[in-house]
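Positions are given from 1, in the same order as the sequence printed here. When reading the values below, keep in mind they use all heavy atoms of this one structure, side chains included, and skip hydrogens, waters and symmetry mates.
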Amino acid sequence: MLEIEKTLVASTCHIAQSELGSLPNLFASYNCEYGTSIYIGGSIDCYLSDSRLSDELKTIILFAQSNDCSHIKFDSDGAVYESFKRFDW
């Protein structure tokens, strides 16, 4: 049986540097050379009610899940989306 999981790839500019560093403490994740990939396959309610997550990150998670993604990869060369906030760092 073939199993395929979708991943939203987004630039690291869409997340505050301090929050990017804390993702391994909050999600099943793995660090990449130029970013971090997180698993978001759980219930959206658990993410939206988590006070440790910024509103910006919650927006990206909601967008990813609404597009059937189970992972988000924040990569320095990832896509920059007009609809998401950008951070300078």
Notebook entry, point to check: Which atom names give the shortest non-hydrogen contact between S76 and S11, and what distance separates them?
Noted result: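 Result for this residue pair: O-OG, 4.2 Å.
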Notebook entry, point to check: Can you name the salt bridge (Lys or Arg N to Asp or Glu O under 4.0 Å) partners of E82, sequence neighbours left out?
Noted result: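 Scan of E82 (salt bridge (Lys or Arg N to Asp or Glu O under 4.0 Å), adjacent residues dropped) gives R86.
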Margin query: Taking ring pair (Phe, Tyr, Trp, His ring centres under 6.0 Å) as the cut-off, I'd like each qualifying pair that reaches into residues 48-67, sequence neighbours left out, listed once.
Written below: F63-F84
Next item on the list: May I ask you to list the residues sharing a hydrophobic cluster with V80, side-chain cutoff 4.5 Å, ordered by chain and number?
Entry: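 None; V80 is a cluster of one.
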Checklist line | Whichever hydrophobic residues join I4 through chains of side-chain contacts under 4.5 Å | finding: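 Listed partners: L2.
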Qualifying residues under side chain to side chain contact (heavy atoms under 4.5 Å, CB included), relative to [X], sequence neighbours excluded:
{"X": "A64", "value": "L8, I40, C69, I72"}
{"X": "Q17", "value": "W89"}
{"X": "A16", "value": "S18, E19, F87"}
{"X": "E5", "value": "E3, S70, H71"}

Report the distance from atom [atom1] of [X] to atom [atom2] of [Y], rounding to the nearest 0.5 Å.
{"X": "S54", "Y": "I15", "atom1": "OG", "atom2": "CD1", "answer": "6.0 Å"}
{"X": "F27", "Y": "I61", "atom1": "CZ", "atom2": "CD1", "answer": "4.0 Å"}
{"X": "I38", "Y": "L26", "atom1": "CD1", "atom2": "CG", "answer": "9.0 Å"}
{"X": "D55", "Y": "L48", "atom1": "CG", "atom2": "CG", "answer": "9.5 Å"}

Please say yes or no: joined through hydrophobic side-chain contacts below 4.5 Å, possibly via intermediate residues, are [X] and [Y] part of one cluster?
{"X": "I60", "Y": "Y39", "answer": "no"}
{"X": "V9", "Y": "L20", "answer": "no"}
{"X": "L62", "Y": "L23", "answer": "yes"}

Item checked: Pairwise salt bridge (Lys or Arg N to Asp or Glu O under 4.0 Å) hits with a residue in residues 60-78, at least two apart ->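 The answer is K73-D75.
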Next item on the list: Could you note down all residue pairs passing side chain to side chain donor-acceptor pair (under 3.5 Å) where residues 40-52 supplies at least one of them, sequence neighbours left out?
Entry: D50-R52
Note to self: Per the side chain to side chain donor-acceptor pair (under 3.5 Å) rule, what does the pair list look like for residues 25-36, sequence neighbours excluded?
What the structure shows: N31-T36
